[in-house]
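What you are looking at is a predicted structure, and each value in this text was computed from that prediction instead of being measured. In each ligand, atom 1 is the first atom listed, and ligand 1 is the first ligand listed.
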Amino acid sequence: MKTEDIISEVDTYILGTYDRIPLTIKEGKGSWVWDNDGKKFLDFTTGIAVTNLGHNHSVLTGVIKNQAEKILHSSNLFYLESQAKLAKMLVENSFANKVFFCNTGTEAVEGAIKFARKWGSENGGKYKILSTMGSFHGRTFGALSATGPSKYQEGFKPMLEGFDFVPYGDAESVADYAKSTELCAVIVEPIQGENGVIVPESGYLKDLRSICNEQNLLLILDEIQVGMGRTGTLFAYEHEGIEPDIMTLAKGLGGGVPCGAVLLNEKVAEQIKPGSHGTTFGGNPLAVSCAFETLKIINNNELLNSVGELGRYFKEKLNQLQTEYKELITQVRGKGLILGIEFASADMAKKIIDKTISEGLLTIHTAGNVMRILPPLNTTKEEIDFALETINKSLKEVHSDA
Ligand SMILES: Cc1ncc(COP(=O)(O)O)c(C=O)c1O
């Protein structure tokens, strides 16, 4: 099909829930994708933190072919080796004792909320969940109720009962609130990705952990965007030397195939009985086989160290661009390979992102005035240099136009 026909048919037949960039994506290899006209782009969106090993990775392609020839689906009525392998590897490499498999991020957050409430119901009937302003946890009703910005909730109210919000990065406000006898859990992202890559000060998660311990509350970490190696450790909480009680994963977990998970410690897991929760597709053999191979590749010190090093290099160079273009760039933020460039206005962000796209670099326009950069974890210094050159060129053009 011709590019304009694809765009026209998508707009005609698919519900208009997305504000799409007028660009088709036909295929990909490594960090690169091609549109239907054969134009090549460096994909530093990774499908919004999903294709962490890049596109068309030979190991994943092999697993998919192999699994398709064995069995695609069989449900949770039976025991599956592929589920056992992934669950064991997740437990052995995290704080968790048990894993619940699902399909998407929002579904993982729904599960986390239910498991927290189940624990709360056995611990004095506590049911409230404290979340943070600016957070993003998903689009279904539980996750949406836990999501901070009201723009996501407009037209869909009332939200679920029992959710409150405190400023992100401010542990003291959680301490004040935590005395409420109805509170059962605090849910937080280690870095707020959708909100423009907001990195809290070091010590924030540690303080939240202490408050939760003191007040007998659960700490739920939403690592859907920043888990799976993105910050240079397998899970972002490792930087802070703490452990959550519940953690949600999705996005990068399946390496490109939809796969989500809720990880739980023993005290939460022991409250959950057969019939408490479930899903037809959760733990689907194709999804968990891809997730297992993805995790095997990512859970490697050399790769994780390289994420940290490349991230530091990228951020340092972006900071130099900020010094050069002070009127355009207000801040550079991030950790590992999740980076954000905050521009002086939303309009400027759009202009610069549009220019970088036309020069062959894909990034994400988020939170109004932020360019969010999510390279594959196995990207190279040369690819980062290409991205930097492209951003520099776009800044130069916008600067001389102004
Ligand atoms: C931190 C976080 N939680 C939850 C979600 C929802 O995930 P999904 O879009 O797979 O439902 C997202 C998606 O951006 C996210 O970034």
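Ligand 1 has no nitrogen or oxygen under 3.5 angstrom from a nitrogen or oxygen of Thr104. Considering backbone and side-chain N/O of Glu194, one or more are found under 3.5 Å from N/O of ligand 1.
Ring to ring, Phe386 and Trp32 are close: their centroids are under 6.0 angstrom apart. Aromatic rings from Phe281 and Phe101 are positioned such that their centres are separated by 6.0 Å or more.
Ring geometry, His277 versus Phe115: the interplanar angle exceeds 60°, so the pair is classed perpendicular (tilted spans 30 to 60°).
No more than 12 heavy atoms of other residues, nucleotides or ligands sit less than 6.0 Å from atom CD of Glu81. More than 12 heavy atoms of other residues, nucleotides or ligands lie within 6.0 Å of CD in Glu122, so this atom counts as buried by the packing criterion. Crowding of Glu327 atom CD: a count of heavy atoms from other residues, nucleotides or ligands under 6.0 Å exceeding 12.
The shell of residues lying under 4.0 angstrom from ligand 1, judged by heavy atoms, excludes Glu107.
Nearest non-hydrogen protein atom to atom 10 (O) of ligand 1 is Gly105 N, 2.8 Å. Looking from atom 11 (O) of ligand 1 to the surrounding protein, the closest heavy atom is Thr106 N, 2.8 Å. Shortest contact from atom 3 (N) of ligand 1 to any protein heavy atom: Asp222 OD2, 2.7 Å. Atom 4 (C) of ligand 1 has His137 O, 3.2 Å as its closest protein atom, hydrogens excluded (heavy atom only). Nearest protein neighbour of atom 16 (O) of ligand 1, counting heavy atoms only, is Gln225 NE2, 2.7 Å. Here the heavy atom of the protein found nearest to atom 13 (C) of ligand 1 is Lys251 CE, 3.3 Å.
Below 4.0 Å from some heavy atom of Glu189 lie the following atoms of ligand 1, by number and element: 1 (C).
Of the N and O atoms on the side chains of Asp347 and Ser345, not one donor lies less than 3.5 Å from an acceptor on the other residue.
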